[in-house]
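Quick notes on the structure that follows.
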Amino acid sequence: MTGPFKLAPLPWDDAALEPTISARTISFHYYKHHQAYVDMLNTLVEKTPFADMKLEEIIRATAKSSDDKEKKIFNNAGQVWNHDFYWRSLSPTQTKPSAELAGAIARDFGSTAELIAQLAEAGKTQFGSGWAWLVSKGGKLSVTKTANAMTPMAEGVNCLLTVDVWEHAYYLDYQNARPKYLETVLANILNWDYAARNLSRESEAVRTAAE
Ligand SMILES: [Fe+2]
């Protein structure tokens, strides 16, 4: 889809992730923050060649730009994609890794508990705003973190799951306790079905998040 861009629907109801994430947090995070990134992106790309590009193409084209306007375009485009990916990384119903994913986790981390510990550590140690990620490269899983609007997808790395560690993701529910937010999300609402589907699509690493 090219511009003007629209806010993709949430994959569940506003209150579906309670008590881990409140409807109030979703109401600010999705309807205010995520919407604002979409609106700003549309304003910035208007009457530019970016208006005819897909979101993923814009992200890759502007990720390393030193031009001030292109940096702003990247920040908003990255945030639109990352939020689409984050919502789908969370599930109100319990999921568990598929056999293929469970095998990859055992091979590359030793256990799901170790993978979760590494994701928590990545999220806790991301200084300032950013994202913790489970990614795959050549089928091998690893944990990484990005600052601000950066996304592994910009470099063609296949994303499996993400957790938003911007303050707006947790402040209303957990105040400044980012570790508590991470531990609660990682223990209760990760969408392993989405991760498994994403693992099987590594050949399309640069793809729409909101499918
Ligand atoms: Fe966010």
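Counting convention: from 1, in listed order, for ligands and their atoms alike.
A salt bridge is absent between Lys54 and Glu57; no separation between the charged side-chain nitrogens and carboxylate oxygens falls under 4.0 Å.
Applying the side chain to side chain donor-acceptor pair (under 3.5 Å) definition to pairs two or more places apart or across chains, those involving residues 153-163 are Ser136-Asn158, Asn158-Arg207. For residues 14-26, no pair satisfies salt bridge (Lys or Arg N to Asp or Glu O under 4.0 Å), with sequence neighbours left out.
Neighbouring protein atoms of the Fe ion (ligand 1) (N, O or S, distance under 2.8 Å, waters ignored): His29 NE2, His83 NE2, Asp164 OD2, His168 NE2.
Counting only distance, with no hydrogens or angles, the side chain of Thr208 and the backbone of Ala210 share no donor-acceptor pair below 3.5 Å.
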What do the steps show when you test Trp192 against Leu161 for side chain to side chain contact (heavy atoms under 4.5 Å, CB included), and what is the final call?
CA-CA 8 Å; Trp192 295 107; Leu161 289 174; 4.0 Å; yes
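Tyr174 meets the ring pair (Phe, Tyr, Trp, His ring centres under 6.0 Å) test with Tyr181; sequence neighbours excluded.
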